[in-house]
Amino acid sequence: MPELPEVESVRRTLAPRLVGWVVSQVRIGLAKLARPSPQALTQGIRGQKVQNIGRHGKLLILELAQGGFWTIHLGMTGQLIMANERPRAGHVHITVSFADHGPRLYYRDLRQFGGMTYCPDQEALDSGPLANMGPDALGLERNLFISRLAGRRAPLKSLLLDQRVLAGVGNIYADEALHRAGLHPTSRPAELSAKQLADLHRHLQETLTEALARGGSSVRNFVDAEGRPGTFQHAHRVYRRTGLPCPACGSPVQRIVLAGRSTHFCPHCQG
DNA sequence: GAATACCTGAGC
DNA sequence: GCTCAGGTATTC
């Protein structure tokens, strides 16, 4: 489900509780969600203190006191819930308990596209979960953003979705940022001006920041680690608004398929 | 690039 | 029944 603002919302609700806690038990109900293997994950994190919780793109990175890393990717439908009791809803695949603390960390994932990885050191992190990942989209410096897109001939939206170009943007925020910037999703950076790319940079930052301030978008079932949904879905201008009026000009929002993903845009504002 | 695969469900 | 769904990896 989650793109950068949603993952960051989870990180912010998780960190105040988990940092300093020591993993005491790991229960894995679905082996494929634990990498490199259920045994390696369990042995890697059990007995370890969570030193810090970071994020790169859509990836949560829990730094362990002994130098290893425990990464969590929520895929399309992953949820991390801190609670005293197992959530009633189904699809809880991993449960992590902590020494001297009642609340447990429950990993739910209906579609099973996410999962956890244990990396024993920085090298394993860089060559594993972070391999090929571009710079984090949030706060990405303008000139770096422009240089990563400038001259490219692929459709602009495809590049925004490509985590190798920049990390964290998914289908919602690609569509929303392009609308705000007045750029057509199939436009090609090679044919855009530096000013247009600079505008896109500004609008992308504003979109991500506003979404984060509202706790992310809950299109279907996103909740943070406290179980709270976000509210930014109410501020969406084009995403999943096919046929509804563009908030800027009133033209009906159009839907096409690009890079295999639903793509929503205003044919007038983004013409 | 597109197509396909991985999964389960919601909505029509 | 069918299409679609916030992600990503793999294969032409």
Side-chain angles (χ1 to χ4, degrees), chain A residues 1-11 29-36 55-60 71-80 87 89-94 107-117 127-134 136-138 149 152-178 185-190 204 207-208 211-212 214-224 229-243 253 255-264:
Chain A
M1 25 145 121
E3 307 181 27
L4 190 154
E6 290 77 35
V7 177
E8 178 64 13
S9 296
V10 172
R11 191 195 70 76
L30 190 57
K32 69 170 183 175
L33 300 188
R35 292 177 280 265
R55 178 193 56 75
H56 190 97
K58 303 167 189 170
L59 186 71
L60 284 170
T71 70
I72 304 174
H73 199 294
L74 300 176
M76 201 110 105
T77 51
Q79 294 180 344
L80 286 171
H91 308 289
V92 174
H93 298 305
I94 300 178
Y107 179 70
R108 299 185 61 215
D109 193 350
L110 186 149
R111 289 177 73 180
Q112 308 170 14
F113 290 170
M116 301 182 178
T117 303
S127 64
L130 285 181
N132 303 320
M133 231 186 249
D136 189 70
L138 188 61
L149 291 174
R152 304 279 305 252
R153 305 208 66 86
L156 181 51
K157 182 182 171 183
S158 305
L159 294 167
L160 292 178
L161 291 178
D162 187 339
Q163 304 299 298
R164 295 169 299 186
V165 176
L166 71 170
V169 177
N171 211 27
I172 295 176
Y173 299 106
D175 281 2
E176 292 297 314
L178 286 169
T186 62
S187 64
R188 296 168 194 276
L204 176 61
T207 306
L208 294 175
L212 184 52
R214 287 171 169 74
S217 303
S218 293
V219 170
R220 174 170 260 149
N221 57 11
F222 167 74
V223 291
D224 67 21
T231 61
F232 192 69
Q233 65 276 14
H234 303 303
H236 292 173
R237 301 181 185 185
V238 288
Y239 180 74
R240 285 190 49 128
R241 289 177 42 84
T242 310
V253 170
R255 175 184 179 275
I256 58 173
V257 174
L258 181 59
R261 316 296 303 280
S262 275
T263 296
H264 315 78

Heavy-atom closest contact ([X] atom, [Y] atom, distance):
X: Ser158(A); Y: Ala259(A); answer: OG-CB, 3.7 Å
X: Pro229(A); Y: Val223(A); answer: N-CG1, 3.9 Å
X: Ser217(A); Y: His236(A); answer: OG-NE2, 2.8 Å
X: Leu160(A); Y: Leu166(A); answer: O-CD2, 4.0 Å

- Message: Heavy atoms only, 4.0 Å cut-off, all strands: where does Tyr239(A) land among base, sugar-phosphate and nothing?
- Response: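 Sugar-phosphate contact only - Tyr239(A) comes under 4.0 Å of backbone atoms but never of a base.
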- Message: Does Arg255(A) reach a base, just sugar-phosphate, or nothing at all? Heavy atoms under 4.0 Å.
- Response: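 Arg255(A): backbone/sugar contact only, no base atoms under 4.0 Å.
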- Note on the structure: Secondary structure of DNA chain B per the Watson-Crick/G-U criterion (both distances under 3.5 Å; [ ] crossing, | other strand, . unpaired) is ||||||.|||||
- Task: Considering just the side-chain nitrogens and oxygens of His91(A), establish if one lies under 4.0 Å of OP1 or OP2 belonging to dG9(B).
- Result: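 Yes.
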Find the distance [X]:[atom1] to [N]:[atom2] and express it as a whole number of Å.
X: Asn171(A); N: dA5(C); atom1: CG; atom2: C1'; value: 10 Å
X: Ile72(A); N: dG7(C); atom1: CD1; atom2: P; value: 18 Å
X: His236(A); N: dA5(C); atom1: NE2; atom2: P; value: 14 Å
X: Leu33(A); N: dC7(B); atom1: CG; atom2: C1'; value: 10 Å
X: Glu6(A); N: dG7(C); atom1: CD; atom2: C1'; value: 12 Å
X: Asp109(A); N: dA5(C); atom1: CG; atom2: P; value: 18 Å
X: Arg164(A); N: dG7(C); atom1: CZ; atom2: C1'; value: 14 Å
X: Asp175(A); N: dA5(C); atom1: CG; atom2: C1'; value: 14 Å

Inter-nucleotide [atom1] distance ([N], [M]), Å rounded:
N: dA2(B); M: dC4(C); atom1: P; value: 16 Å
N: dT8(C); M: dG9(B); atom1: P; value: 22 Å
N: dT3(C); M: dA3(B); atom1: P; value: 15 Å

Atom pair [atom1]/[atom2] of [X] and [Y] - distance to nearest 0.5 Å:
X: Thr71(A); Y: His56(A); atom1: OG1; atom2: NE2; result: 12.5 Å
X: Leu212(A); Y: Glu8(A); atom1: CG; atom2: CD; result: 5.5 Å
X: Asp109(A); Y: Leu30(A); atom1: CG; atom2: CG; result: 8.5 Å

- Query: Can you check ring-ring contact (aromatic ring centres under 6.0 Å, His included) on His264(A) and Tyr239(A), steps first, answer last?
  - Reply: CA-CA 6 Å; His264(A) 315 78; Tyr239(A) 180 74; 5.2 Å; yes
- Query: With respect to the side chain of Phe113(A), which nucleotide from dT8(B), dG1(B), dC7(B) is positioned closest?
  - Reply: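 Of dT8(B), dG1(B), dC7(B), dC7(B) is nearest to the side chain of Phe113(A).
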- Item | Residue Ser262(A), side-chain heavy atoms: nucleotide from dG9(B), dC4(C), dG7(C) that is nearest |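 Looking only at side-chain atoms, Ser262(A) lies closest to dC4(C).
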- Message: Distance criterion of 3.5 Å, no angle test: do you see the side chain of Arg240(A) paired donor-to-acceptor with the base of dA5(C)?
- Response: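 No pair found.
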- Task: Ignoring hydrogens and angles, state whether a donor on the side chain of Arg255(A) or Ser262(A) is under 3.5 Å from an acceptor on the partner side chain.
- Result: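 Distance-only check passes for Arg255(A) and Ser262(A).
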Enumerate the protein-to-nucleotides 8-12 of chain C contacts in which both atoms are nitrogen or oxygen and the separation is below 3.5 Å.
from   : atom 1 : to       : atom 2 : distance (Å)
dT8(C) : OP1    : His73(A) : NE2    : 3.0
dT8(C) : OP2    : Lys58(A) : NZ     : 2.8

- Just wondering, do Leu4(A) and Tyr173(A) contact through their side chains at under 4.5 Å, heavy atoms?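 No, their side chains stay 4.5 Å or more apart.
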- Query: Can any side-chain N or O of Asp136(A) pair as donor or acceptor with the backbone N or O of Gly57(A) at less than 3.5 Å?
  - Reply: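 Checked: pair present.
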- Query: Is any NZ, NE, NH1 or NH2 atom of the basic residue among Arg240(A) and Asp175(A) found under 4.0 Å from an Asp or Glu carboxylate oxygen of the other?
  - Reply: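 Salt bridge absent between Arg240(A) and Asp175(A).
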Can you pull every protein N or O that's under 3.5 Å from an N or O on nucleotides 10-12 of chain B?
from    : atom 1 : to        : atom 2 : distance (Å)
dA10(B) : O4'    : Arg220(A) : NH2    : 3.4

